[in-house]
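See below for the structure under consideration.
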Amino acid sequence: MSLTPSTRSQTEQQAPTKKAFLNSINHFRGIAIIFIVMAHCYRPAGWQVETLSDKTWFNLMMNGTVFFVFISGFLFHHVFSHRWDYKKYMKNKTKFVFLPYLLLSLPWIIWHITAGTNPLMHLNYTELTDPIQIASWYVITGRTLTAYWYIPMGMMLFALSPWVMHLLRNHRLMHYALPLLIIAMVIHRPESNLNAIQSLVYFLPVYLFGVWSSEHRDRLFPFIEKYWLVMLLAAIALAFGQAHYFGAGVLNKQAFDLTVPDLMLPQKLLLTLVLLALLNKIEHINIKPLQKLAEVSFAIYFIHPWLTTPWWMLYGSPDLFNLQGQGNVITTLLVTLAVIAISYAIAVTVKALFKQRSRYLIGW
């Protein structure tokens with residue numbers, strides 16, 4: 001049956017359009033995983049972060065999770081919103097995010113409960129004694145390995161996607177993102193990253209801003225390309241201001257303890273826009289190393305804590321290379337690249353052995 005012009009027009013409007021592949025966002029994914037791994041490599045790199053300049057560099061380096069969450073929100077709009085299927089979306093997230101998390105956490109949960117550190121790690125945070133309850137605590141908090149705290153928070157973020165779609169359809173993303181940003185700057189990230197709900201409240205405005213940025217990309221990108229240098233200087237000023245007045249790194253605390261504002265969150269959002277602006281200028285260029293890192297980024301996320309965590313949990317010291325007190329941002333970058341290279345090699349090996357089933361194990 002042939003379609004009339006009016007019917008054809010209606011069909012074209014209803015059919016989801018395929019979104020263009022964005023080199024800039026893919027390159028950004030590669031950069032984001034470098035920042036995330038770097039945050040876990042400064043101790044084995046011997047960087048003690050004592051001077052004001054060190055603290056400023058450190059503040060610019062830390063909390064790269066903001067990049068990851070922003071990209072997740074951006075891709076949610078760019079890839080999924082036009083073909084929205086909540087059941088399929090959550091099914092895939094469970095299979096390819098939560099299942100690898102459980103499988104890779106299991107050996108460490110058993111170790112924490114049986115042999116573990118002295119004292120056993122969970123005894124520092126909870127009075128639970130039943131092994132099943134303790135195992136559940138490790139799953140809920142992600143305390144099994146460094147960086148695994150992100151998955152319990154991430155799964156809650158994915159579960160909120162119908163609400164995000166509601167805000168998107170009603171053009172109310174920024175109505176919630178801006179007040180939530182202020183709240184996030186007050187509550188900070190949780191102590192030891194144990195409270196997934198507090199982490200969710202902290203990162204939710206970043207996710208919403210990512211969704212909004214994709215929706216308004218045609219207007220946002222020309223703006224940030226014009227003002228990226230101003231935003232970069234503002235980000236450096238925030239990093240310096242935090243270093244001078246508040247100290248270095250993420251100022252984790254309990255949600256309702258009133259303390260200094262979190263300057264790292266707006267700083268990282270500014271750096272997000274700076275990186276987007278610079279990467280968009282070279283949208284037409286395919287940077288193969290960053291493309292490869294982007295492709296394997298989630299596998300590197302899952303694998304790298306197996307390399308960065310054991311040398312302080314098993315040996316009681318992160319000073320793997322005898323660099324304590326002699327390191328700096330350069331040694332940290334070198335150790336980071338080494339950890340990424342090893343993680344990448346492991347991911348490729350697992351992929352070769354398990355083929356498509358490797359997604360259930362390492363998310364790739």
Side-chain angles (χ1 to χ4, degrees), residues 36-50 58 61-65 98-155 188-199 247-254 299-327 331-332 335-336 338-340 342-343 346 361-362:
I36 288 171
V37 176
M38 194 184 299
H40 305 137
C41 290
Y42 72 94
R43 287 192 178 96
W47 192 15
Q48 292 187 332
V49 192
E50 295 176 338
F58 191 73
M61 180 189 83
M62 295 297 284
N63 211 13
T65 306
F98 194 68
L99 181 57
Y101 165 70
L102 287 180
L103 294 176
L104 292 171
S105 296
L106 184 59
W108 288 97
I109 292 175
I110 295 172
W111 181 78
H112 282 304
I113 294 175
T114 56
T117 55
N118 186 20
L120 297 176
M121 184 178 292
H122 52 272
L123 295 180
N124 295 317
Y125 306 105
T126 179
E127 297 179 355
L128 297 174
T129 56
D130 179 75
I132 300 299
Q133 292 179 340
I134 295 171
S136 301
W137 179 85
Y138 276 110
V139 171
I140 292 170
T141 62
R143 192 57 186 166
T144 48
L145 285 173
T146 302
Y148 276 21
W149 62 267
Y150 179 84
I151 303 302
M153 184 276 292
M155 291 304 297
H188 292 247
R189 282 174 55 169
E191 289 184 337
S192 302
N193 297 311
L194 293 177
N195 189 331
I197 295 176
Q198 184 178 342
S199 292
V250 180
L251 306 177
N252 304 65
K253 70 175 186 65
Q254 293 188 17
I300 292 173
Y301 165 82
F302 275 127
I303 293 168
H304 87 270
W306 282 68
L307 305 176
T308 60
T309 304
W311 53 51
W312 66 264
M313 283 204 313
L314 298 178
Y315 304 110
S317 171
D319 194 10
L320 186 68
F321 304 109
N322 198 29
L323 291 171
Q324 204 61 33
Q326 305 175 45
T331 62
T332 300
V335 172
T336 298
V339 169
I340 287 175
I342 296 170
S343 301
I346 293 172
L361 182 59
I362 57 173

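If you take CG on Leu123 and CG on Asn118, they are separated by 9.5 Å, rounding to the nearest 0.5 Å. To the nearest 0.5 angstrom, His112 atom NE2 is 9.5 Å from Leu120 atom CG. In this structure, Thr141 OG1 and Tyr148 OH are separated by 13.5 Å, a value rounded to the nearest 0.5 Å. Between atom CE of residue Met61 and atom CH2 of residue Trp47 there is a gap of 5.0 Å, rounded to the nearest 0.5 Å. In this structure, CD1 on Ile134 lies 13.0 Å from CE on Met121, to the nearest 0.5 angstrom. The CH2 atom of Trp149 lies 12.0 Å from the OG atom of Ser192; values are rounded to the nearest 0.5 Å.
Atom CG of Leu102 has more than 12 heavy atoms from other residues, nucleotides or ligands within 6.0 Å.
Heavy-atom minimum distance, Ala248 versus Phe58: CB-CD2, 3.7 Å. In plain terms, the two heavy atoms of Asn195 and Ile197 that are nearest each other are OD1-N, 3.1 Å. Of all heavy-atom pairs between Pro305 and Ile300, the closest is CD-O, 4.4 Å. Nearest approach of Gly249 to Met62, heavy atoms of both residues: CA-CG, 4.4 Å. The two residues Val339 and Leu307 have their closest heavy-atom pair at O-CD1, 3.8 Å.
Under the side chain to side chain contact (heavy atoms under 4.5 Å, CB included) criterion, Ala135 pairs with Ile109, Ile113, not counting sequence neighbours. Taking the side chain to side chain donor-acceptor pair (under 3.5 Å) definition, one finds that Asn193 meets it with Arg189, Asn252, sequence neighbours left out. With sequence neighbours left out, the ring pair (Phe, Tyr, Trp, His ring centres under 6.0 Å) criterion links His188 to no other residue. By the side chain to side chain donor-acceptor pair (under 3.5 Å) test, Thr309 is found to be paired with Thr146, residues two or more places apart in sequence or in another chain being considered. Residues forming a ring pair (Phe, Tyr, Trp, His ring centres under 6.0 Å) with Trp108 (at least two apart in sequence, or on another chain): Trp111, Trp306. For Pro152, the side chain to side chain contact (heavy atoms under 4.5 Å, CB included) partners two or more places apart in sequence, or in a different chain, are Tyr101, Ala196. Checked against side chain to side chain contact (heavy atoms under 4.5 Å, CB included), Gln326 has no partners two or more places apart in sequence or in another chain. Applying the side chain to side chain donor-acceptor pair (under 3.5 Å) rule to His304 yields the partners His40; only residues at least two apart in sequence or on another chain are considered. With sequence neighbours left out, the side chain to side chain contact (heavy atoms under 4.5 Å, CB included) criterion links Thr331 to Ala45, Asn328.
Using a 4.5 Å heavy-atom threshold, the side chains of Pro100 and Ile362 count as separate. Phe98 places a side-chain heavy atom less than 4.5 Å from the side chain of Ile151.
A donor-acceptor pair under 3.5 Å is formed between the side chain of Gln198 and the backbone N or O of Lys253.
The list of side chain to side chain donor-acceptor pair (under 3.5 Å) pairs with a residue in residues 119-128, not counting sequence neighbours, reads His122-Tyr138, Tyr125-Arg143.
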Original post:
Would Cys41 and Thr308 count as a side chain to side chain contact (heavy atoms under 4.5 Å, CB included) if you check the C-alpha gap in whole Å, the side-chain angles of each, and the deciding distance to 0.1 Å?
Top reply: CA-CA 7 Å; Cys41 290; Thr308 60; 4.1 Å; yes
